[in-house]
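Quick notes on the structure that follows.
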Amino acid sequence: VQLVESGGGLVQPGGSLRLSCAASGFTFSRYDMSWYRQAPGKERELVASDGRSVNYVDSVKGRFTISRDNAKNMVYLQMNSLKPEDTAVYYCRASQYGMGYWGKGTLVTVSS
């Protein structure tokens with residue numbers, strides 16, 4: 001099983017990034033897919049999930065969009081109107097029945 005995130009980088013406040021997560025080694029379409037993030041000195045938090053429904057943490061609602069392509073085994077996180085407080089390592093997670101897999105993360109830095 002492998003989850004590989006990409007698309008992170010340095011962006012100015014107000015900018016946009018699109019994160020991608022390439023999945024392999026499991027039946028992708030059967031899994032809930034989520035994006036988490038962990039800022040320096042803080043706990044990892046759920047940002048967005050795509051399972052039976054799509055959900056977002058309040059702080060990103062209206063700015064971030066999660067999407068998936070089951071044919072390509074890919075999940076994406078479109079991030080708009082980025083703020084310095086969005087700076088974190090972003091992780092992709094695949095989960096089913098409470099068990100799951102993590103990627104190694106991609107760093108997003110929002111700074112002028």
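Counting begins at 1 with the first residue of the sequence.
For the pair Arg93 and Tyr101, the cation-pi criterion (under 6.0 Å, within 45° of the ring axis) is not fulfilled. A cation-pi arrangement is absent between Arg68 and Tyr31, since the terminal nitrogen or guanidinium carbon is not both under 6.0 Å from the aromatic centre and inside a 45° cone about the axis. Cation-pi check for Arg44 over Tyr91 is met; the charged atom lies under 6.0 angstrom from the ring centroid and within 45 degrees of its normal.
Side-chain N/O atoms of Ser95 and Asp32 include no donor and acceptor closer than 3.5 Å.
Distance CG/Leu10 to CG/Leu17: 9.0 Å, rounded to 0.5 Å. Distance check: Phe28 CZ to Leu3 CG gives 8.5 Å after rounding to the nearest 0.5 Å.
Between the Thr87 side chain and the Val110 main chain, a donor and an acceptor come within less than 3.5 Å of each other. Side chain of Arg37 to main chain of Ala88: no donor-acceptor pair is present (N/O by atom type, distance under 3.5 Å, no hydrogens or angles). For Glu5 (side chain) and Cys92 (main-chain N/O), a donor-acceptor pair under 3.5 Å exists by modelled atom type. Panel note: side chain Arg30, backbone Phe26; no donor-acceptor pair is recorded below 3.5 Å. Here the side chain of Tyr56 pairs a donor or acceptor atom with the backbone of Ile66 at under 3.5 angstrom. No side-chain donor-acceptor contact under 3.5 Å links Gln96 to the backbone of Gly100.
Environment of CD in Glu43: sparse, with no more than 12 heavy atoms of neighbouring residues, nucleotides or ligands closer than 6.0 Å. The number of heavy atoms from other shown groups lying within 6.0 Å of CD (Gln2) does not exceed 12.
At a threshold of 4.5 Å between non-hydrogen side-chain atoms, the residues Ser29 and Thr27 count as touching. The closest side-chain heavy-atom distance from Ser16 to Gln78 is below 4.5 Å. Side-chain contact between Thr106 and Leu19 is present, with heavy atoms from C-beta onward closer than 4.5 Å. Annotation: side chain of Leu77 is not in contact with side chain of Arg18 (no heavy-atom distance under 4.5 Å). Side-chain contact between Ser111 and Gln12: absent, with no pair of heavy atoms (C-beta onward) separated by less than 4.5 Å. Leu46 places a side-chain heavy atom less than 4.5 Å from the side chain of Ser34. In this structure, the side chains of Thr65 and Tyr76 stay at 4.5 Å or more apart for every pair of heavy atoms.
Cluster membership for Tyr90 and Val54, using ILVMFWY side-chain heavy atoms within less than 4.5 angstrom, is shared. Under a hydrophobic clustering in which Ile, Leu, Val, Met, Phe, Trp and Tyr are joined whenever their side-chain heavy atoms come within less than 4.5 Å, directly or via other members, Leu107 and Trp102 fall into the same cluster. Hydrophobic clustering, with ILVMFWY side chains joined whenever heavy atoms are under 4.5 angstrom apart, groups Val108 together with Met33.
A salt bridge does not link Lys83 to Asp86: none of the charged side-chain nitrogens sits closer than 4.0 Å to a carboxylate oxygen.
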Check: Between Phe64 and Trp35, is a ring pair (Phe, Tyr, Trp, His ring centres under 6.0 Å) present by the stated rule, with each step listed?
Finding: CA-CA 11 Å; Phe64 290 12; Trp35 286 95; over 10 Å; no
